[in-house]
Amino acid sequence: MDLLSNTVALSRLQFAVTAIFHMLFPILTTGLGIYLVLVEGLWLKTRNPDYYRHARFWSKFYVLNFGIGVATGIPMEFQFGTNWAPFSEAVGNFFGSVIGFEASWAFMLEAAFLGIMLFGWERVNPAIHYLSTILVAVGANLSTLWILTANSWMQTPAGGELVNGKFIVHDYFQAMFNPFMAVSVSHMFLATLETSLYVVGGISAWYILKGRHPDFFSKAFKIALATAIAVAPLQIYVGHLSAEQVYKLQPAKLAAMEAQWETSPAGKPANWSLVALPDETTEKNAWEISVPNGLGYILEFKQNLTNPVLGLKEWAPEDRPHLVGLIYYSFRIMIAIGFFLAGLMAITTLLWIAGKLSPSNIAQQKWLMVGWVLAAPLGYIAVESGWIVRCVGRQPWTLYGQIRTVDSVSHIPATNVLTSLIGFVTVYSLLFVAVLYFGSRIIRKGPNLEMPIPGMEIAKPAVDTTPGEFIPNERPAEAQQ
Amino acid sequence: METLTYFLPQVWFVILALFLFLYVMLDGFDLGVGILSLTSGDEERRGILMTSLSNIWDANETWLVLMGGGLFGAFPLAYGTILSALYIPILTMVFGFIFRAVAFEFREQANRKFFWNVAFGAGSFLAALGQGFALGAVLKGINVDKSGHFIGTTWDWLSWQSVLVALTLIQAYVLIGSTYLVWKTEGELQLTHYKTAKTAAWTTLLGAIFITISTPIFYESARDRLFQRPLVFIFSVIPILGILLISRLVTSLDRRQERAPFVWTILLFVLTFLGLGLIVFPYIIPTEITIYEASADPSSLVIMIIFIGFLIPVMLFYNLYQYIVFRGKVTGRSYGEE
């Protein structure tokens, strides 16, 4: 089992590397798309130029992410053919169609209206422009719908059966609305939105900390916060529903998520493992700290389990997921981040209600702002961890319980895959550095508050802007440094 | 039911051909402009070239993503076999796409633009090269067993014929890219691309002649079909029409017309595509597997007509709409601020 000459392992690794890297970019475009709809709506409603400038400023991050999202998304689609040809042939009837739906429903819509959203401010009227912004957000989020539908179907295949190695669909709607679909789509929709809100909140907090346009950015901060009040707790609930589904439909994955080697019988309490060192050779945890009787409360909000929680040893080693430690810790990291973000939201909301976030004193909440800055990248880590749990935990299957990963790989020489894998790692490392560099440049440069407002520059004389409003807001912030 | 199993794959063959044609035409000029940017010395000009694409490059590329998804759903066997057989050309194209896609935004942001200029131009070239080799290899035929699985080797796609097709495709992209720039730019820049268009018209013609002659000589399967009635009439008309169109194109370039060269080039693409489509049909993995053998379940093809086919007019409409929004000459280095 030498990795470098193993086409299966290399193809898996390549898919993992390209998927993990690709995922970083659509997160922000799908979530930020909704945020841009909010600020542009506020601009059209209030005609406050600040909201227009927010729309222009945050769309810079959209476009930065979008190009790389497209560039790294194309290898995802083509890899099914190049590296997973037998899988493609077996599941083309349903899975292939859905990939096609994603292109026709989502990508094209987003691509066609993005140009108008970014460059069309002076070329179309405000209503058409707003419609374009909405359609961009709809397009981006339809990608989430279709790709999560496809992936959910791989997790809980429904609507047909394998006949001679090919999946024949009897009922397309049953396949689309497979058991995982609704919860998984919601979980991912909320994940991209939540991550984006904390990115917007974190970047705004950074400006507030630095005393750069604190009034301007406290607006962005509060829009993000107000949306997070709804999103962060809901995400914890939907995440719980998702775990319950795994418990019922993919017990081997749940066992790996909890590093449970032995079965916990029904009708009795079971411990919930908090920290452990899973050891796959001895099939037990080398050491472990657990919460007594915790598992029943976590899964069902009561002490005794209704159904047994099966242990990994119930399955033969070739029929259960490996890399148990990775699955176990990824799951815990995701949960910890989910609760941290919700907690940060709760504290911030309390301070907001107490009137501590008004433009004059928001900059005094130094530690709170530092917390938000630190929270900015956490959503990404949670999303990636969640995908690792979902897809590493699905092993050894590509189509759960029906097609094995080892039978899904193209019959191509390992050296081909190794070469392309090295190519991806090299190019993606370069892109990662570049995007961080250019992203931080956009942040350091800051918003252009001098930008003319479309349709307004002629109507108002240039002197008319009220400079008196800006000076008092700038002063306290500068005085603090 | 019996007729459906013939009719539905044919419908999907036509839809996929349409997607591929739209892709080759639209991303063709896109990639062509990218390749042309390699020859452009100064930043100002390169800025205009990239600006002329900045609002459309992604939608153009999406036609390929759509074609890929459609092929995956409609002919899963072909999707797996062709892509895994053409591992190196496909990956070459994919890396080319990555470089050129990120170059749009990174170049805009960067102080030192050299690296991203090269990424844009070389990425466009790599993508075109990969596509050319893939097309050449598919036309030549993919080595498969009776059930349509690839049994060839890693370098099967490389032959003098595929080199010829790749070079010709690059020329054709440069041609359509030049005529697009003739339409969208003015002054010095326009003048330059009248010249590049003319050169590319001749080199494309040369490549096309070689391919047209060599195809019936070297490919038995094509030969049998090409010289049968009624196809033989169509195939004898295509080269004549092609030469006619080329002469119209060259004339319009000499007369310094602005839009006509682009239109003539598109018509040339339509003609070539028709010719290639007729050579390939009814095969989806030339020269062994037909569309009937490789197609998905009829029910899948019907669902895909509902979810993808019915959207085609809508997609065409809003793509056209944004071309209308951004009509006119590109003069500045950017459509947006700064």
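In what follows, every chain begins at residue 1, and chains take the letters A, B, ... in the order their sequences are listed.
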When the ring planes of A:Phe173 and B:Phe307 are compared, do they come out parallel, tilted or perpendicular, using 30° and 60° as the limits? tilted
Looking only at non-hydrogen atoms, find the nearest pair between A:Ile168 and B:Asp297 and report the distance. CG2-OD2, 3.8 Å
Count the heavy-atom pairs under 4.5 Å between each of B:Ile312, B:Ile303, B:Ile56, B:Leu301 and chain A, then report the option with the highest count. B:Ile303
What's the shortest heavy-atom distance between B:Ala101 and A:Gly67, and which atoms? CB-O, 4.0 Å
Does any donor atom in the side chain of B:Tyr87 or A:Ser420 lie under 3.5 Å from an acceptor atom in the other side chain? yes
Checking B:Ser84 side chain against A:Thr82 main chain: does a donor-acceptor pair fall under 3.5 Å? no
May I have the step-by-step check of side-chain contact (heavy atoms from CB on, under 4.5 Å) for A:Val70 and B:Trp57, ending in yes or no? CA-CA 11 Å; A:Val70 172; B:Trp57 68 267; 4.1 Å; yes
Taking every heavy-atom pair that is under 4.5 Å apart, which of A:Ala112, A:Gly120, A:Pro413 has the most such pairs with chain B? A:Ala112
What is the distance from atom CZ of A:Phe107 to atom CE of B:Met315, rounded to the nearest 0.5 Å? 12.5 Å
Is it the backbone or the side chain of B:Ala85 that comes under 4.5 Å from a heavy atom of chain A, or both, or neither? neither
Please check if atom CZ in A:Phe432 has more than 12 non-hydrogen atoms from other residues, nucleotides or ligands closer than 6.0 Å. no
Start with the C-alpha distance between A:Ile68 and B:Phe106, add both sets of side-chain angles, then the distance that settles side-chain contact (heavy atoms from CB on, under 4.5 Å), and finish with yes or no. CA-CA 10 Å; A:Ile68 312 179; B:Phe106 287 173; 3.6 Å; yes
Okay, A:Phe66 and chain B: the region with an atom under 4.5 Å from a heavy atom over there is side chain
Among residues 88-99 of chain B, which ones touch chain A with a heavy-atom distance under 4.5 Å? B:Ile90, B:Leu91, B:Met93, B:Val94, B:Phe95, B:Phe97, B:Ile98, B:Phe99
Whatever's closer than 4.5 Å to a heavy atom in chain A on B:Phe115 counts as side chain
Between A:Asn93, A:Ile99, A:Leu114, the one whose heavy-atom pairs under 4.5 Å with chain B are most numerous: A:Asn93
Do B:Ser300 and A:Phe94 touch side chain to side chain, with heavy atoms closer than 4.5 Å? no
Which donor-acceptor pairs under 3.5 Å do side chains of residues 61-76 of chain B form with protein atoms, sequence neighbours excluded?
unit_1, atom_1, unit_2, atom_2, d
B:Thr62, OG1, B:Asp58, O, 2.7

Contacts of A:Val63 meeting side-chain contact (heavy atoms from CB on, under 4.5 Å) (sequence neighbours excluded), chain-then-number -> A:Leu118, B:Glu105
Which atom of B:Ser299 lies closest to which atom of A:Val169, heavy atoms considered: OG-O, 4.1 Å
Mind listing the closest non-hydrogen atom pair of B:Ile308 and A:Gly100 along with its distance? CD1-C, 3.7 Å
Looking at chain B, which one of A:Thr419, A:Leu430, A:Ile116 has the largest number of heavy-atom pairs inside 4.5 Å, strictly under? A:Ile116
Check whether the ring centres of A:Phe80 and B:Tyr79 lie less than 6.0 Å apart, and answer yes or no. no
Which heavy-atom pair separates B:Tyr321 from A:Ile128 by the least distance, and what is that distance? OH-CG2, 3.2 Å
Under the rule for side-chain contact (heavy atoms from CB on, under 4.5 Å), what residues qualify as partners of B:Asp145, not counting sequence neighbours? B:Ser147, B:His149, B:Ile151
Between chain B and each of A:Phe113, A:Phe424, A:Trp84, A:Tyr437, count heavy-atom pairs under 4.5 Å; write down the option with the most. A:Phe424
Using side-chain hydrogen bond (donor to acceptor under 3.5 Å, both in side chains), reason through B:Asn55 and A:Arg123 one step at a time and then give a plain yes or no. CA-CA 13 Å; B:Asn55 61 311; A:Arg123 286 180 179 254; over 6 Å; no
Is it the case that more than 12 heavy atoms not belonging to A:His411 sit under 6.0 Å from its NE2 atom? no
A:Val98 vs B:Met304 side-chain heavy atoms within contact, under 4.5 Å: no
